[in-house]
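Have a look at the structure below, then the notes.
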Amino acid sequence: MAVSVAGIALQNPVLCASGTFGYGVELEPLVRLDRLGGLVGKTVTAEPRRGNAPPRTFETPAGMLNSIGLENPGIESYCEEILPRLRGRAFRVFANVAGEDARSFARLVSRLDRAGGVDGIELNLSCPNVAGGLDFSTDARLAREVVAACRAETRVPLFAKLTPNVTDPAPIAVAAREGGADGLTCVNTVLGMAVDWRRRASRLSARHAGLSGPAIRPIALRVVDQVRRAVGGPILAAGGIATAEDALEFLVAGASAVQVGTASFVEITAPERVAADLPALLASAGVGDVNDLIGTLPKD
Ligand code: SIN
């Protein structure tokens with residue numbers, strides 16, 4: 001089950017997705033974290049954030065909307081209190097950060113680099129719930145600029161997390177790689193909305209929100225395919241992955257590893273279950289090594 005993603009050795013290709021699993025440590029009594037390939041923490045910003053006012057989640061058919069607004073304890077707390085608790089474990093640690101511009105992204109990356117203990121850094125270029133959050137992954141020039149500024153601060157592998165909310169993700173993926181990203185995470189949430197017609201009001205205080213869960217899986221798969229054909233890998237896939245079957249679809253389509261996200265809200269052990277189910281599913285298809293399956297979907 002072991003895979004290597006941008007030089008990061010994972011014991012299996014299943015990670016939890018940012019924003020769906022806290023920082024992992026909170027879930028320790030409930031989940032056997034050491035069975036996961038990796039853990040991607042909730043986005044961290046320079047200062048602590050309370051996020052948007054409630055209501056900020058709403059369940060939809062086959063998914064959910066969220067407009068959390070990047071609630072987090074801030075980079076200092078993350079480095080001082082959370083990271084030390086994640087060291088020396090079987091899973092790999094991925095931090096996820098968001099800044100307001102290239103310089104603030106770079107400062108966050110520099111702080112993580114100094115802290116140590118981070119195997120990979122995901123750059124959240126695509127949060128739809130804060131002013132300007134989407135700009136970094138809807139504008140190729142900005143994406144390149146942010147990634148290049150971060151690249152200058154660290155040798156830790158960088159992953160640019162892309163939005164599906166563009167006509168064509170390929171130029172953004174190309175720009176992120178040109179800026180120095182080692183890999184790409186595809187995808188963040190799809191912009192959506194829910195209305196309570198009786199109250200004549202949006203169901204979420206932020207009006208618009210990000211849709212995740214099985215409803216967006218075909219969209220995520222299509223973006224993985226487009227990005228792989230444009231720039232190759234490595235790709236971390238996210239978007240409605242809830243079963244080992246789902247995971248293998250993304251691996252065949254070119255992802256090197258998958259992130260289980262919204263499924264964790266239904267079943268907190270979903271990432272662990274997906275990882276545990278993979279070997280038997282692969283064996284049933286006569287595949288002994290998951291690497292023999294990755295990227296086997298013909299490109300044409
Ligand atoms: C949020 O905190 O609003 C969600 C983060 C994201 O979608 O990037």
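Every number for a ligand or one of its atoms is a count from 1 in the order of the listing.
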Mind checking whether Tyr23 and Tyr78 have parallel, tilted or perpendicular rings, split at 30° and 60°?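 Tilted.
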Report all protein residues having a heavy-atom distance below 4.0 Å to some atom of ligand 1; order the list by chain, then number.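 The answer is Lys42, Asn66, Ile68, Gly69, Leu70, Asn124, Cys127, Pro128, Asn129, Asn188, counting any residue whose heavy atom sits under 4.0 Å from ligand 1.
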Can you confirm whether more than 12 heavy atoms, excluding those of Arg85, are under 6.0 Å from its CZ atom?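 Counting neighbours around CZ of Arg85, 12 or fewer heavy atoms of other residues, nucleotides or ligands fall under 6.0 Å, so no.
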List the atom pairs, donor and acceptor, that lie under 3.5 Å between side-chain atoms in residues 152-161 and the rest of the protein, sequence neighbours left out.
from, atom 1, to, atom 2, distance (Å)
Thr154, OG1, Asp113, OD1, 2.5
Thr154, OG1, Val156, N, 3.0

Okay, side chain of Asp289, backbone of Met1: is any donor-acceptor separation there less than 3.5 Å?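 It does not hold such a pair.
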Can you list, by chain and residue number, the hydrophobic cluster partners of Leu134 when the side-chain cut-off is 4.5 Å?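 Taking Ile, Leu, Val, Met, Phe, Trp and Tyr as members, Leu134 shares its hydrophobic cluster with Leu191.
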To which residues is Leu70 joined in a hydrophobic cluster, defined by side-chain heavy-atom contacts under 4.5 Å among Ile, Leu, Val, Met, Phe, Trp and Tyr, whether direct or through other members?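 Once heavy-atom contacts under 4.5 Å are chained together, Leu70 belongs with Val130.
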